[in-house]
Number of protein chains: 2
Amino acid sequence: MPNQNRPAAEMPDSASAQDTAQAERFNQARAAQAVAVLEDYAEMIGDLIEELGEARVTDIAARMGVAHPTATKAVARLKREGLCTSRPYRGVFLTPAGAELAERVRARHRTVVDLLIAIGVPPETAELDAEGLEHHVSDTTLAAFDAFLAKQPPR
Amino acid sequence: MPNQNRPAAEMPDSASAQDTAQAERFNQARAAQAVAVLEDYAEMIGDLIEELGEARVTDIAARMGVAHPTATKAVARLKREGLCTSRPYRGVFLTPAGAELAERVRARHRTVVDLLIAIGVPPETAELDAEGLEHHVSDTTLAAFDAFLAKQPPR
DNA sequence: ACAAAAGTGTAGCCTTGGCTTTATTTGACC
DNA sequence: GGTCAAATAAAGCCAAGGCTACACTTTTGT
């Protein structure tokens, strides 16, 4: 195909501006998904450290609902991203960057759950859905959620 | 992507009931992600058929922001799931099941965007975030969104 | 102190969903 | 009716994130 090889990032000139914008949305959603899992693991490690003083791979795996090698792999990715540290046969600890991420994720999670409940979603369902939703809430939207909640009559 | 050929991961007896519940939430979020991409493609194919009368692989790829082989693979998965049909070098068409899915996804997308805007999210951001959010909105939450919107003063 | 149990690590496999490269088919234009 | 560009397909690579199986530490209990 005379389809010139162009860098993946580039949009075909043939694509309309509208197509490009929509494609960009999908790409953004995919990018969000790429960090979602790491965020969950970081948050979980933060929770475990707070509760138990340390995060063990087995505990992480149990709470995430995965096999322990999966948790080990996730920890390796987190280490590669500079979000946590670990030594063989010892616990996992968050770096400052990791702790900051975990706190941010946790706050966002709370906001999302609260907003869903404020909208009228049953608390149990809110908790369930928030797990998937939270990773796709942009800063702008999160701010709007907070503003909405602030205006709400306290229940 | 959660792998679906696993023999029903056994829950360790050692895991507390709370751990198990949380793990279940994560597993559910992962399962939602598994169908998210297919939903997007189905919706896109529906859009293209409506606009152009048929959906070509190249158009699908351009709008989704992926290379054509990626779109071809997605079509193959959709066919495997019984959601669309296609013949070599011919367009892609939705089965009744696929069309139904596309319509459902489209309606959900609209509801999510409308809700975000009602909450106070800028329309542009709402559209952007909805792309990622919609796949994690359960039927229960969607109903709550609709109910909330129905109560809202029309703008 | 030492054996068993529990925890951790490593290796290797799978599917998804991206990508590029290369080959083939179609269709449009002269 | 032939040629050529565009569309499609096919093959093969990659990383992520699951899994099992097995090896090796560390901890624990007698």
Side-chain angles (χ1 to χ4, degrees), chain A residues 1-15 23 26-41 44 48 52 54-62 64-81 86-92 135, chain B residues 1-15 23 26-41 44 48 52 54-62 64-81 86-92 135:
Chain A
M1 155 155 59
N3 201 356
Q4 333 131 10
N5 47 338
R6 35 179 115 75
E10 311 254 347
M11 275 303 160
D13 294 340
S14 57
F26 285 112
N27 281 321
Q28 184 156 330
R30 280 192 286 269
Q33 187 55 38
V35 295
V37 177
L38 274 303
E39 289 181 345
D40 279 337
Y41 278 100
M44 181 59 70
L48 286 168
L52 311 175
E54 69 170 349
R56 325 273 307 283
V57 169
T58 298
D59 296 335
I60 299 169
M64 295 296 297
V66 300
H68 81 265
T70 301
T72 300
K73 270 197 190 180
V75 169
R77 285 193 295 273
L78 286 170
K79 285 174 77 169
R80 179 157 27 99
E81 301 288 332
S86 76
R87 294 197 338 277
Y89 296 98
R90 287 293 179 269
V92 178
H135 302 290
Chain B
M1 171 100 8
N3 87 52
Q4 53 225 17
N5 71 334
R6 73 186 210 262
E10 91 274 6
M11 216 41 106
D13 295 341
S14 58
F26 283 113
N27 281 319
Q28 185 157 328
R30 281 191 286 267
Q33 188 55 37
V35 296
V37 178
L38 274 305
E39 288 181 345
D40 279 337
Y41 279 100
M44 180 60 69
L48 285 168
L52 311 175
E54 69 171 348
R56 322 281 305 276
V57 169
T58 297
D59 296 334
I60 298 169
M64 295 296 296
V66 300
H68 356 95
T70 301
T72 301
K73 272 196 190 180
V75 168
R77 284 193 295 273
L78 286 170
K79 284 174 76 169
R80 177 152 34 93
E81 301 289 332
S86 78
R87 293 194 342 274
Y89 296 97
R90 287 295 180 270
V92 179
H135 302 289

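Proteins get letters first, then strands, A, B, ... in listed order; numbering begins at 1 in each.
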Visitor: Taking only residues two or more places apart in sequence or in another chain, which ones pass side chain to side chain contact (heavy atoms under 4.5 Å, CB included) with A:A74?
Guide: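 In terms of side chain to side chain contact (heavy atoms under 4.5 Å, CB included), with neighbours along the sequence ignored, A:A74 is linked to A:Y41, A:R77.
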Visitor: Using heavy-atom distances to pick each residue's nearest nucleotide on DNA chain D, tell me which of A:R77 and B:A55 is more 5'.
Guide: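 Per heavy-atom nearest nucleotide, the more 5' residue is B:A55.
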Visitor: Nearest to the B:V57 side chain among D:dA9, C:dG18, C:dT10, which nucleotide is it?
Guide: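 Of the options given, the side chain of B:V57 lies nearest D:dA9.
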Visitor: Side chain of A:R30, heavy atoms from C-beta onward: which of D:dA10, D:dC19, C:dG18 has the nearest atom to it?
Guide: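 My answer, after comparing the listed nucleotides, is C:dG18.
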Visitor: Given C:dC13, C:dT21, C:dT8, identify the nucleotide with an atom nearest to the side chain of A:T58.
Guide: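 Of C:dC13, C:dT21, C:dT8, C:dT8 is nearest to the side chain of A:T58.
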Visitor: For the side chain of B:Y41, counting heavy atoms from C-beta on, which of C:dG18, C:dG17, D:dA9 is nearest?
Guide: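 The answer is C:dG18.
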Visitor: Not counting sequence neighbours, list each pair that qualifies as a salt bridge (Lys or Arg N to Asp or Glu O under 4.0 Å) and has a residue in residues 29-41 of chain A.
Guide: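 As it turns out, the salt bridge (Lys or Arg N to Asp or Glu O under 4.0 Å) pairs with a partner in residues 29-41 of chain A, which skip direct neighbours, are A:E39-A:R108.
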Visitor: For B:T72, check side chain to side chain donor-acceptor pair (under 3.5 Å) against everything at least two apart and list the hits.
Guide: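 Counting only residues at least two positions away or on another chain, B:T72 forms no side chain to side chain donor-acceptor pair (under 3.5 Å).
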Visitor: Please list, chain by chain and in numerical order, all residues satisfying salt bridge (Lys or Arg N to Asp or Glu O under 4.0 Å) with A:E81, sequence neighbours excluded.
Guide: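 Not a single residue meets the salt bridge (Lys or Arg N to Asp or Glu O under 4.0 Å) criterion with A:E81.
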Visitor: Taking any heavy-atom pair under 4.0 Å as a contact, classify A:T70: base, sugar-phosphate, or nothing.
Guide: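 Counting heavy atoms under 4.0 Å across all strands, the contact made by A:T70 includes a base.
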Visitor: Measure NZ/B:K79 against P/D:dT8 and give the value in whole Å, please.
Guide: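 In whole Å, D:dT8 P lies 13 Å from B:K79 NZ.
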Visitor: Considering only side-chain heavy atoms of B:V66, which listed nucleotide, C:dG18, D:dT20, C:dC13, is closest?
Guide: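 Closest nucleotide to the B:V66 side chain: C:dG18.
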Visitor: From the options D:dG17, C:dT20, C:dG18, select the nucleotide whose nearest atom is closest to the side chain of A:V37.
Guide: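 For A:V37, the side-chain atoms sit closest to D:dG17.
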Visitor: Could I get a table of every N or O pair under 3.5 Å where one atom is in the protein and the other is in nucleotides 22-27 of chain D?
Guide:
unit_1, atom_1, unit_2, atom_2, d
D:dC24, O2, A:Y89, OH, 3.3

Visitor: Out of C:dG9, C:dT20, C:dG7, which has the shortest distance to the side chain of B:A67?
Guide: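 Shortest atom-to-atom distance from the side chain points to C:dT20.
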Visitor: Please list, chain by chain and in numerical order, all residues satisfying side chain to side chain contact (heavy atoms under 4.5 Å, CB included) with A:A36, sequence neighbours excluded.
Guide: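 A:A36: side chain to side chain contact (heavy atoms under 4.5 Å, CB included) contacts with A:Q33, A:H135.
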